[in-house]
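What follows is a short report on a single structure.
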Amino acid sequence: MKPQDTIRLTTAQAIVRWLANQYIEIDGDELRLCGGGFGIFGHGNVTCLGEALNKVHDELPLYRGQNEQSMGFAASGYAKQWLRQRFMFCTASAGPGTANLLTAAGLAHANRLPMLMLCGDTFITRLPDPVLQQMEHYDDPTLGVNDAFKPVVRYWDRITHPAQIIQSLPNAIATMLDPADCGPAFLGLPQDVQGWTYDYPAKLFDKKIHRIRRQTPDEAEIADAIALLRLAERPMIIAGGGVQYSKAVNELTRFAESHQIPVVETIAGRANLLNDHPLNIGPIGVTGSDSANRIAQKADVILAVGTRLQDFTTGSWTAFDHDAKFISINAARHDAGKHMSLPVVGDAKLSLLALSSALDYQTPQSWVQFAQAERKMWDAYVADNVAYGNGPNSYAQAIGVVNALCDKRDRVVAAAGGLPAEVTANWRTLDIGTVDVEFGFSCMGYEIAGAWGARIAQSEQEPDKDTITFCGDGSYLMLNSDIYSSVLSRKKLIVLLLDNGGFAVINKLQNNTGNESFNNLLKDCPTIPEPFGVDFVAHAASMGAQAERVNHPAELGEAFMRAKASDKTCVIVMNVDAFEGWTQQGHAWWEVGTPHTTDDENVRRAHFDWESSRSKQRRGV
């Protein structure tokens with residue numbers, strides 16, 4: 001037998017060389033599967049993994065992060081922009097550096113996004129124990145900080161021998177590319193093992209071309225779905241983010257048009273249809289529209305496509321009639337069967353094609369006309385809601401200004417706080433796949449970091465367009481250092497920083513549940529004797545951005561056009577009112593915990609008022 005050709009490499013060198021030779025076919029083009037990475041070095045990853053990465057900095061560009069959590073957010077923003085077809089890795093040192101990635105892993109897991117974490121770990125030999133930053137568990141010496149990632153990743157491994165990566169790396173990639181199991185992967189890299197050598201099979205490093213699997217739906221499940229749809233008098237489609245990940249937007253549109261079925265969008269599914277499409281009835285749920293929520297209340301058959309039916313979509317399951325029947329098309333069996341849905345487990349594009357080809361059905365025109373009339377009323381409300389002069393400065397007004405002036409292919413990013421609701425409800429989609437509202441894990445700080453990652457991906461696809469992010473002052477203060485990252489890497493962002501003096505949307509929830517304002521707005525914090533605002537313009541400018549403050553939406557429009565003309569990250573600051581100007585319509589009920597007993601009469605009344613909607617809640621069926 002001919003001996004197998006081998007190459008001697010360290011574990012770290014082998015990981016990096018293998019990653020550099022993984023490719024993916026996208027629309028006929030071959031691209032490197034891994035777009036590079038984000039890294040902060042420490043003693044746990046600099047000497048071995050750092051050495052290996054330096055040798056391939058052209059093939060796998062390494063972006064220097066400022067915070068490990070924000071690196072993970074940026075990797076998620078990158079993966080979203082690439083529709084989960086490409087990913088970035090994050091490398092962090094052992095101990096607190098790696099621990100800082102936990103929240104980002106949770107975000108990627110909740111949003112089903114690929115991200116590879118290559119993180120330092122303690123020594124396998126244990127000869128130097130206890131090492132710097134080691135968490136010692138007296139009864140289990142194998143347990144460490146890295147084990148905390150197991151609940152928030154889809155794939156986890158600790159590399160205790162160089163040969164393990166021959167199996168572990170392909171398994172991690174297979175998980176990240178699987179439509180059903182997609183999510184973050186974690187590899188713990190002990191500091192000694194990173195530098196150990198092994199004679200790897202040379203063919204391990206051959207060029208490998210990957211493709212995203214499309215699962216064909218079961219014929220019987222398609223037949224069941226068709227039988228149920230044929231009985232529908234008031235059907236509705238809920239279009240989720242999975243429609244875009246499947247690249248099924250055209251199939252969704254043709255299916256809806258062929259059968260004249262009204263479509264509503266989830267938060268992740270925003271920008272599945274253009275704003276003016278006659279069957280686009282608006283966003284659904286807690287952060288939705290009156291139009292979508294009203295047809296949801298009356299729909300008898302609901303076709304959910306590529307959505308995990310999160311509580312903001314379903315109004316904590318109060319948004320639908322108790323007798324409504326669900327059909328769920330999803331690549332993940334777990335999502336397809338929720339609430340006793342009739343499941344169609346399969347790829348969204350293939351499933352919609354299979355349904356449409358066999359479905360001889362047309363929605364009654366009276367139902368379509370009802371849905372369109374509701375949408376027309378919602379459009380009128382939004383037009384008034386975003387108009388300058390309808391009240392004090394508001395999120396909605398700022399959204400309206402940007403919406404009117406941006407390019408149709410610019411990417412819009414929002415995340416936690418009040419802005420996801422305001423963007424979801426008020427943004428009028430100009431082109432397909434241009435909106436990223438991160439509300440799966442609702443992470444404050446994603447706004448700027450995620451936008452930086454999105455801009456890196458956008459610069460690889462549409463470099464002449466802009467990434468625009470809406471950010472509140474609370475999120476800005478929580479995580480803003482990637483303004484500096486964007487300037488350093490010349491990945492321009494336009495940051496709309498809307499300052500309402502604290503955590504105003506949670507103050508709003510606090511007040512709506514009968515509670516007094518406490519510890520959310522700066523002025524309502526008992527431990528702050530003399531509240532004052534941050535000079536955000538000076539702060540952003542100190543990180544190299546062009547920054548300016550505007551007084552009202554008209555000035556915001558002028559500043560936005562200056563930002564569009566610039567080739568540098570721009571931050572535009574505008575104060576907005578903490579109490580007035582919120583979008584008042586379009587909301588569904590949302591279950592939150594309220595005190596069942598209290599001495600406060602306002603809280604007591606609010607509790608009973610909140611609970612009065614619970615009778616609408618579907619209990620798992």
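All residue numbers in this chain count up from 1 along the given sequence. The basis for the numbers below is simple: all heavy atoms, side chains too, and nothing from hydrogens, waters or symmetry mates.
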List the steps, then state whether side-chain contact (heavy atoms from CB on, under 4.5 Å) holds for L252 with L352.
-> CA-CA 7 Å; L252 171 77; L352 287 169; 4.0 Å; yes
Yes or no on ring pair (Phe, Tyr, Trp, His ring centres under 6.0 Å) for Y395 and F470, after CA distance, side-chain angles and deciding distance?
-> CA-CA 9 Å; Y395 285 164; F470 290 95; 8.7 Å; no
Hey, mind stepping through E460 and R86 against salt bridge (charged side-chain N to carboxylate O under 4.0 Å, His left out) and telling me if it holds?
-> CA-CA 12 Å; E460 297 168 340; R86 300 183 73 203; 3.1 Å; yes
Please test F149 against H109 for side-chain contact (heavy atoms from CB on, under 4.5 Å), starting from the C-alpha separation and ending with a verdict.
-> CA-CA 11 Å; F149 283 83; H109 189 285; over 6 Å; no
Decide salt bridge (charged side-chain N to carboxylate O under 4.0 Å, His left out) for K465 and D410; before the verdict, give the C-alpha distance in whole Å, the side-chain angles of both, and the deciding distance to 0.1 Å.
-> CA-CA 5 Å; K465 305 307 177 188; D410 287 344; over 6 Å; no
Derivation of the salt bridge (charged side-chain N to carboxylate O under 4.0 Å, His left out) call for E591 and R614 = CA-CA 8 Å; E591 181 165 5; R614 187 173 296 281; 3.0 Å; yes
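No donor-acceptor distance shorter than 3.5 angstrom exists from the side chain of R428 to the backbone of D379, with no hydrogens or angles considered. A donor-acceptor contact shorter than 3.5 Å links the side chain of T469 to the backbone of E447. Of the possible polar contacts, none joining the Q244 side chain to the A248 backbone as a donor-acceptor pair under 3.5 Å is found. Looking only at distances, no side-chain donor or acceptor of S291 sits under 3.5 Å from a matching main-chain atom of W378. W589 contributes a side-chain N or O that, together with a main-chain N or O of W610, makes up a donor-acceptor pair within less than 3.5 Å. Side-chain atoms of Q81 do not come within 3.5 Å of backbone N or O of G453 as any donor-acceptor pair. Remark: side-chain polar atoms of E438 are paired, donor with acceptor, to backbone N or O of F441 under 3.5 angstrom. Remark: the backbone N or O of G586 is paired with a side-chain donor or acceptor of D290 at under 3.5 angstrom. Panel note: side chain H587, backbone V286; a donor-acceptor pair is recorded below 3.5 Å. The backbone N or O of I432 lies less than 3.5 Å from a partner atom in the side chain of R409, making a donor-acceptor pair.
Within the structure, side-chain hydrogen bond (donor to acceptor under 3.5 Å, both in side chains) pairs that include any residue of residues 312-326 comprise W317-H339 (at least two apart or interchain). Listed by first and then second residue, the side-chain hydrogen bond (donor to acceptor under 3.5 Å, both in side chains) pairs involving residues 292-310 are R294-E374 (not counting sequence neighbours). Pairs of residues two or more places apart, or lying in two chains, that qualify as side-chain hydrogen bond (donor to acceptor under 3.5 Å, both in side chains) and include a residue from residues 251-261 are E251-R254, E257-H277, H259-S356. The side-chain hydrogen bond (donor to acceptor under 3.5 Å, both in side chains) analysis of residues 216-226, with sequence neighbours excluded, yields no pairs. The stretch residues 282-316 participates, sequence neighbours left out, in these ring pair (Phe, Tyr, Trp, His ring centres under 6.0 Å) pairs: F312-F439, F312-W590.
Remark: the Y446 side chain and the S475 side chain contain no N/O donor-acceptor pair separated by less than 3.5 Å. No side-chain N or O of N275 forms a donor-acceptor pair with one of T429 less than 3.5 Å apart. A side-chain donor from one of Q458 and T467 sits under 3.5 Å from a side-chain acceptor of the other. If you check the side chains of Q164 and D157, you find no donor sitting under 3.5 Å from an acceptor. R32 and Q22 share no donor-acceptor pair across their side chains, judged by distance under 3.5 Å alone.
A distance of 11.0 Å separates OG1 of T513 from NZ of K508, quoted to the nearest 0.5 Å. Considering CZ of F608 and NE2 of H596, their distance stands at 9.0 Å, rounded to 0.5 Å. Here the straight-line distance linking atom CG of D609 with atom CG of N512 works out to 9.5 Å at 0.5 Å rounding. The line from CG of L355 to CG of L350 is 11.5 Å long, rounded to the nearest 0.5 Å. Rounding to the nearest 0.5 Å gives a distance of 12.0 Å between CD1 of I399 and CD1 of I468. One finds the CG atom of N272 at 10.5 Å from the CD1 atom of I237 (value rounded to the nearest 0.5 Å).
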Under 3.5 Å, side-chain donor or acceptor atoms of residues 170-179 against the rest of the protein: list the pairs with distances, not counting sequence neighbours.
{"from": "N171", "atom 1": "ND2", "to": "Q167", "atom 2": "O", "distance (Å)": "3.1"}
{"from": "T175", "atom 1": "OG1", "to": "N171", "atom 2": "O", "distance (Å)": "2.9"}
{"from": "D178", "atom 1": "OD1", "to": "A180", "atom 2": "N", "distance (Å)": "2.8"}
{"from": "D178", "atom 1": "OD1", "to": "D181", "atom 2": "N", "distance (Å)": "2.9"}
{"from": "D178", "atom 1": "OD2", "to": "R213", "atom 2": "NH1", "distance (Å)": "2.8"}

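Residues passing the salt bridge (Lys or Arg N to Asp or Glu O under 4.0 Å) test with K376, sequence neighbours excluded: none. Residues passing the side-chain contact (heavy atoms from CB on, under 4.5 Å) test with N100 are E68, sequence neighbours excluded. The salt bridge (Lys or Arg N to Asp or Glu O under 4.0 Å) check on R158 picks up D121, D147, with sequence neighbours excluded. Judged as a salt bridge (Lys or Arg N to Asp or Glu O under 4.0 Å), and not counting sequence neighbours, E233 has no contacts. Residues meeting the salt bridge (Lys or Arg N to Asp or Glu O under 4.0 Å) test with R84, sequence neighbours left out: none. In this view, F38 and Y63, W452 satisfy the ring pair (Phe, Tyr, Trp, His ring centres under 6.0 Å) rule, not counting sequence neighbours.
By the 30° and 60° cut-offs, the orientation of the rings of F370 relative to W367 is parallel. Below 30°, between 30° and 60°, or above 60°: for F186 and W156 the angle between ring planes is below 30°, a parallel geometry.
The number of heavy atoms from other shown groups lying within 6.0 Å of NZ (K247) is above 12. Around CE of M377, the count of heavy atoms belonging to other residues, nucleotides or ligands within 6.0 Å exceeds 12.
For the pairing with V263, the side-chain contact (heavy atoms from CB on, under 4.5 Å) check across V243, L273, N280 returns one residue only, L273. Considering T287, N426, T424 in turn, N426 is the only one that fulfils the side-chain hydrogen bond (donor to acceptor under 3.5 Å, both in side chains) rule with T583.
When all heavy atoms of S328 and L309 are compared, the closest pair comes out as OG-CD1, 4.2 Å. Shortest non-hydrogen contact noted between L60 and C34 is CD2-O, 3.6 Å.
With respect to E462 and R411, no salt bridge is recorded, no charged nitrogen being found less than 4.0 Å from a carboxylate O.
Remark: K208 fails to qualify as a cation-pi partner of Y23 under the 6.0 Å distance and 45° angle criteria applied to the six-membered ring.
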